[in-house]
Amino acid sequence: MEEVNIVKLHGIGANPHSKRVELALRIKGIPYEFIEEDLSNKSQLLLKSNPVYKKIPVLVHNEKPVVDSLIILEYIDETWKNAPQLLPDDPLERAKVRFRTSFIQQQLFEAMTRVVTCDGEIQAKAIDEVQGKMKVLEEGMKEVFPGSGSPSIDGDNLGLLDIMICSTFSPYKAYEEALGVKILDPERNPLVFCWVKALNELPLVKELYPPHDKLVALLKVVRENALKVSSST
(Lines give C-alpha, C1' and ligand atoms only; values in the text may rest on other atoms or scores of the structure.)
Protein backbone atom coordinates (compact mmCIF):
# COMPACT_ATOMS: atom_id res chain seq x y z
CA MET A 1 0.00 0.00 0.00
CA GLU A 2 1.40 3.38 -1.03
CA GLU A 3 2.33 5.65 1.87
CA VAL A 4 0.17 8.74 2.27
CA ASN A 5 2.24 11.91 2.63
CA ILE A 6 0.64 14.90 4.32
CA VAL A 7 2.88 17.93 3.97
CA LYS A 8 2.32 21.32 5.58
CA LEU A 9 4.62 24.31 5.39
CA HIS A 10 4.48 27.05 8.03
CA GLY A 11 5.96 30.21 6.60
CA ILE A 12 5.49 33.76 5.37
CA GLY A 13 4.56 34.26 1.75
CA ALA A 14 7.37 36.59 0.64
CA ASN A 15 10.04 35.35 3.06
CA PRO A 16 13.16 34.04 1.24
CA HIS A 17 13.56 31.13 3.67
CA SER A 18 9.97 30.06 3.04
CA LYS A 19 10.39 30.52 -0.71
CA ARG A 20 13.35 28.12 -0.72
CA VAL A 21 11.21 25.37 0.70
CA GLU A 22 8.20 26.16 -1.49
CA LEU A 23 10.37 26.05 -4.59
CA ALA A 24 11.90 22.70 -3.58
CA LEU A 25 8.46 21.20 -2.99
CA ARG A 26 7.27 22.42 -6.39
CA ILE A 27 10.39 21.20 -8.16
CA LYS A 28 9.80 17.76 -6.67
CA GLY A 29 6.08 17.88 -7.46
CA ILE A 30 5.09 17.42 -3.80
CA PRO A 31 1.56 18.60 -2.88
CA TYR A 32 1.56 20.72 0.27
CA GLU A 33 -0.56 23.05 2.35
CA PHE A 34 0.94 26.48 3.01
CA ILE A 35 0.09 27.91 6.43
CA GLU A 36 0.73 31.65 6.63
CA GLU A 37 2.23 32.64 9.97
CA ASP A 38 2.05 36.00 11.74
CA LEU A 39 5.36 36.48 13.55
CA SER A 40 3.78 39.05 15.87
CA ASN A 41 1.27 36.42 16.94
CA LYS A 42 2.86 33.02 16.34
CA SER A 43 0.54 30.05 16.19
CA GLN A 44 0.70 27.41 18.90
CA LEU A 45 1.44 24.84 16.23
CA LEU A 46 4.52 26.79 15.12
CA LEU A 47 5.73 27.18 18.69
CA LYS A 48 5.19 23.49 19.31
CA SER A 49 6.87 22.47 16.07
CA ASN A 50 9.93 24.69 16.57
CA PRO A 51 10.21 25.22 20.34
CA VAL A 52 13.93 26.11 20.23
CA TYR A 53 14.05 28.93 17.65
CA LYS A 54 10.31 29.61 17.23
CA LYS A 55 11.00 30.63 13.62
CA ILE A 56 9.72 29.87 10.16
CA PRO A 57 9.87 27.91 7.99
CA VAL A 58 8.72 24.65 9.52
CA LEU A 59 7.90 21.67 7.33
CA VAL A 60 5.47 19.22 8.92
CA HIS A 61 5.58 15.84 7.19
CA ASN A 62 3.01 13.36 8.48
CA GLU A 63 2.81 15.36 11.74
CA LYS A 64 6.60 15.31 12.22
CA PRO A 65 8.25 18.76 12.08
CA VAL A 66 11.52 19.61 10.35
CA VAL A 67 13.06 23.05 10.92
CA ASP A 68 15.67 25.33 9.32
CA SER A 69 15.30 25.97 5.59
CA LEU A 70 18.60 24.39 4.50
CA ILE A 71 17.98 21.29 6.61
CA ILE A 72 14.46 21.08 5.20
CA LEU A 73 15.79 21.20 1.63
CA GLU A 74 18.07 18.23 2.25
CA TYR A 75 15.27 16.39 4.07
CA ILE A 76 13.02 16.84 1.03
CA ASP A 77 15.72 15.54 -1.31
CA GLU A 78 16.45 12.50 0.87
CA THR A 79 12.80 11.66 1.55
CA TRP A 80 11.45 12.03 -1.99
CA LYS A 81 13.90 10.19 -4.23
CA ASN A 82 12.20 11.14 -7.49
CA ALA A 83 13.97 13.36 -10.00
CA PRO A 84 15.24 15.93 -10.06
CA GLN A 85 17.79 15.51 -7.31
CA LEU A 86 18.57 18.74 -5.47
CA LEU A 87 22.07 17.52 -4.57
CA PRO A 88 24.42 15.53 -6.82
CA ASP A 89 25.30 11.89 -6.05
CA ASP A 90 29.05 12.41 -6.20
CA PRO A 91 30.35 13.20 -2.66
CA LEU A 92 32.84 15.82 -3.86
CA GLU A 93 30.30 17.62 -6.04
CA ARG A 94 27.77 17.45 -3.20
CA ALA A 95 30.34 19.00 -0.84
CA LYS A 96 30.98 21.81 -3.34
CA VAL A 97 27.26 22.59 -3.59
CA ARG A 98 26.95 22.63 0.21
CA PHE A 99 29.93 24.97 0.49
CA ARG A 100 28.50 27.43 -2.03
CA THR A 101 25.09 27.20 -0.38
CA SER A 102 26.67 27.98 2.98
CA PHE A 103 28.46 30.99 1.49
CA ILE A 104 25.25 32.38 0.00
CA GLN A 105 23.39 31.94 3.28
CA GLN A 106 26.00 32.88 5.89
CA GLN A 107 27.93 35.54 4.02
CA LEU A 108 25.87 37.07 1.23
CA PHE A 109 22.30 36.71 2.45
CA GLU A 110 23.14 37.95 5.95
CA ALA A 111 24.81 41.05 4.49
CA MET A 112 21.79 41.67 2.26
CA THR A 113 19.53 41.41 5.30
CA ARG A 114 21.48 44.24 6.96
CA VAL A 115 20.99 46.37 3.84
CA VAL A 116 17.22 45.92 4.25
CA THR A 117 17.01 46.33 8.02
CA CYS A 118 19.67 48.97 8.74
CA ASP A 119 20.26 52.61 7.88
CA GLY A 120 23.07 55.15 7.70
CA GLU A 121 26.66 54.01 8.14
CA ILE A 122 25.66 50.43 8.99
CA GLN A 123 23.68 50.14 5.77
CA ALA A 124 26.48 51.73 3.73
CA LYS A 125 28.95 49.23 5.18
CA ALA A 126 26.54 46.37 4.42
CA ILE A 127 26.19 47.55 0.80
CA ASP A 128 29.97 47.49 0.38
CA GLU A 129 30.04 44.04 1.95
CA VAL A 130 27.34 42.77 -0.43
CA GLN A 131 29.28 44.04 -3.43
CA GLY A 132 32.41 42.28 -2.19
CA LYS A 133 30.55 39.02 -1.59
CA MET A 134 28.90 39.30 -5.01
CA LYS A 135 32.36 39.49 -6.58
CA VAL A 136 33.34 36.29 -4.78
CA LEU A 137 30.11 34.60 -5.88
CA GLU A 138 30.65 35.67 -9.49
CA GLU A 139 34.13 34.16 -9.50
CA GLY A 140 32.79 30.93 -8.02
CA MET A 141 30.13 30.68 -10.71
CA LYS A 142 32.85 30.44 -13.36
CA GLU A 143 33.51 26.96 -11.99
CA VAL A 144 29.80 26.08 -12.02
CA PHE A 145 29.40 27.30 -15.62
CA PRO A 146 32.90 26.79 -17.13
CA GLY A 147 33.51 28.43 -20.47
CA SER A 148 29.97 29.79 -20.58
CA GLY A 149 29.15 33.37 -21.39
CA SER A 150 25.59 32.73 -20.23
CA PRO A 151 24.42 30.01 -17.83
CA SER A 152 22.20 27.32 -19.32
CA ILE A 153 19.26 26.54 -17.04
CA ASP A 154 17.40 23.24 -17.29
CA GLY A 155 13.95 23.96 -15.91
CA ASP A 156 13.32 20.23 -15.46
CA ASN A 157 16.49 19.65 -13.47
CA LEU A 158 16.83 22.46 -10.94
CA GLY A 159 19.06 21.86 -7.94
CA LEU A 160 19.97 23.29 -4.56
CA LEU A 161 22.10 26.11 -5.95
CA ASP A 162 19.31 27.15 -8.31
CA ILE A 163 16.97 27.29 -5.31
CA MET A 164 19.40 29.41 -3.29
CA ILE A 165 20.06 31.84 -6.13
CA CYS A 166 16.35 32.08 -6.91
CA SER A 167 15.20 32.70 -3.33
CA THR A 168 17.96 35.27 -2.79
CA PHE A 169 17.89 37.22 -6.05
CA SER A 170 14.73 36.57 -8.06
CA PRO A 171 12.88 39.58 -6.58
CA TYR A 172 15.97 41.83 -6.94
CA LYS A 173 14.02 44.51 -8.84
CA ALA A 174 11.60 44.85 -5.92
CA TYR A 175 14.53 45.13 -3.49
CA GLU A 176 16.17 47.81 -5.62
CA GLU A 177 12.96 49.84 -5.86
CA ALA A 178 12.13 49.50 -2.16
CA LEU A 179 15.65 50.31 -0.96
CA GLY A 180 16.96 52.61 -3.69
CA VAL A 181 20.07 50.41 -3.78
CA LYS A 182 21.58 48.44 -6.67
CA ILE A 183 21.49 44.76 -5.73
CA LEU A 184 22.34 42.95 -8.95
CA ASP A 185 24.59 44.67 -11.49
CA PRO A 186 24.76 43.02 -14.96
CA GLU A 187 28.15 44.62 -15.61
CA ARG A 188 29.78 43.59 -12.32
CA ASN A 189 27.98 40.26 -12.01
CA PRO A 190 27.14 39.08 -15.54
CA LEU A 191 27.03 35.35 -14.73
CA VAL A 192 24.83 35.72 -11.67
CA PHE A 193 22.63 38.25 -13.47
CA CYS A 194 22.09 35.89 -16.44
CA TRP A 195 21.43 33.00 -14.05
CA VAL A 196 18.76 34.96 -12.20
CA LYS A 197 17.23 36.23 -15.44
CA ALA A 198 16.96 32.67 -16.80
CA LEU A 199 15.42 31.41 -13.55
CA ASN A 200 12.88 34.24 -13.53
CA GLU A 201 11.64 33.16 -16.95
CA LEU A 202 10.59 29.74 -15.66
CA PRO A 203 6.81 29.38 -15.05
CA LEU A 204 7.60 27.63 -11.76
CA VAL A 205 9.38 30.74 -10.49
CA LYS A 206 6.89 33.23 -11.96
CA GLU A 207 4.10 31.54 -10.00
CA LEU A 208 6.08 31.63 -6.77
CA TYR A 209 6.20 35.36 -6.03
CA PRO A 210 3.51 38.00 -5.47
CA PRO A 211 3.17 40.84 -8.00
CA HIS A 212 6.07 43.32 -8.13
CA ASP A 213 4.14 46.25 -6.60
CA LYS A 214 2.90 44.12 -3.71
CA LEU A 215 6.40 42.83 -3.02
CA VAL A 216 7.82 46.37 -3.03
CA ALA A 217 5.17 47.44 -0.52
CA LEU A 218 5.93 44.42 1.70
CA LEU A 219 9.66 45.15 1.65
CA LYS A 220 9.06 48.76 2.60
CA VAL A 221 6.97 47.64 5.58
CA VAL A 222 9.67 45.17 6.64
CA ARG A 223 12.29 47.91 6.44
CA GLU A 224 10.18 50.46 8.32
CA ASN A 225 9.44 47.99 11.12
CA ALA A 226 13.10 46.99 11.39
CA LEU A 227 14.22 50.61 11.60
CA LYS A 228 11.62 51.32 14.29
CA VAL A 229 12.89 48.42 16.36
CA SER A 230 16.49 49.55 15.83
CA SER A 231 15.76 53.13 16.90
CA SER A 232 13.96 52.01 20.07
CA THR A 233 16.84 49.84 21.32
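Note that the structure is a prediction, hence the values are computed from the model and not measured.
In this view, Asp119 and Arg223 satisfy the salt bridge (charged side-chain N to carboxylate O under 4.0 Å, His left out) rule, not counting sequence neighbours.
Under a 3.5 Å cut-off, the side chain of Asp77 and the backbone N or O of Leu87 do form a donor-acceptor pair. Checked by atom type and distance alone, the side chain of Lys19 pairs as donor or acceptor with a backbone atom of Leu208 at under 3.5 Å. A side-chain donor-acceptor contact under 3.5 Å links Glu37 to the backbone of Ser43. Between the side chain of Arg94 and the backbone N or O of Asp89 there is at least one donor-acceptor pair closer than 3.5 Å. Although no hydrogens or angles enter the test, the distance criterion places a donor-acceptor pair under 3.5 Å between the side chain of Ser167 and the main chain of Met164. Looking only at distances, a side-chain donor or acceptor of Asn82 sits under 3.5 Å from a matching main-chain atom of Lys28. The backbone N or O of Pro51 sits less than 3.5 Å from a side-chain atom of Lys54, completing a donor-acceptor pair. Under a 3.5 Å cut-off, the side chain of Lys182 and the backbone N or O of Glu176 do not form any donor-acceptor pair. The backbone N or O of Ile12 lies less than 3.5 Å from a partner atom in the side chain of Ser18, making a donor-acceptor pair. At least one donor-acceptor pair closer than 3.5 Å links the side chain of Glu138 to the backbone N or O of Leu191.
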**Report entry** Criterion salt bridge (charged side-chain N to carboxylate O under 4.0 Å, His left out) on Glu143 and Arg100, from CA distance to verdict
**Finding:** CA-CA 11 Å; Glu143 183 179 344; Arg100 294 184 180 109; 3.2 Å; yes
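Among pairs with a residue in residues 186-196, those fulfilling side-chain hydrogen bond (donor to acceptor under 3.5 Å, both in side chains) read Gln131-Arg188, Asp162-Trp195, at least two apart in sequence or across chains. Within the structure, ring-ring contact (aromatic ring centres under 6.0 Å, His included) pairs that include any residue of residues 5-53 comprise His17-Phe109 (at least two apart or interchain).
Classification of Arg114 and Glu129 as a salt-bridged pair holds, one side-chain N sitting under 4.0 Å from a carboxylate O.
Atom NZ of Lys96 has more than 12 heavy atoms from other residues, nucleotides or ligands within 6.0 Å. More than 12 heavy atoms of other residues, nucleotides or ligands shown are found within 6.0 angstrom of CG on Leu39.
Both Leu204 and Ile163 sit in one connected hydrophobic cluster of ILVMFWY residues. Membership requires side-chain heavy atoms under 4.5 Å apart, directly or through other members.
To the nearest 0.5 Å, atom CG of residue Leu158 and atom CG of residue Leu86 are 9.0 Å apart. Interatomic distance, Phe193 CZ to Ile183 CD1, rounded to the nearest 0.5 Å: 13.5 Å. Once rounded to the nearest 0.5 Å, the distance linking CG of Leu108 with OG1 of Thr168 reads 6.5 Å.
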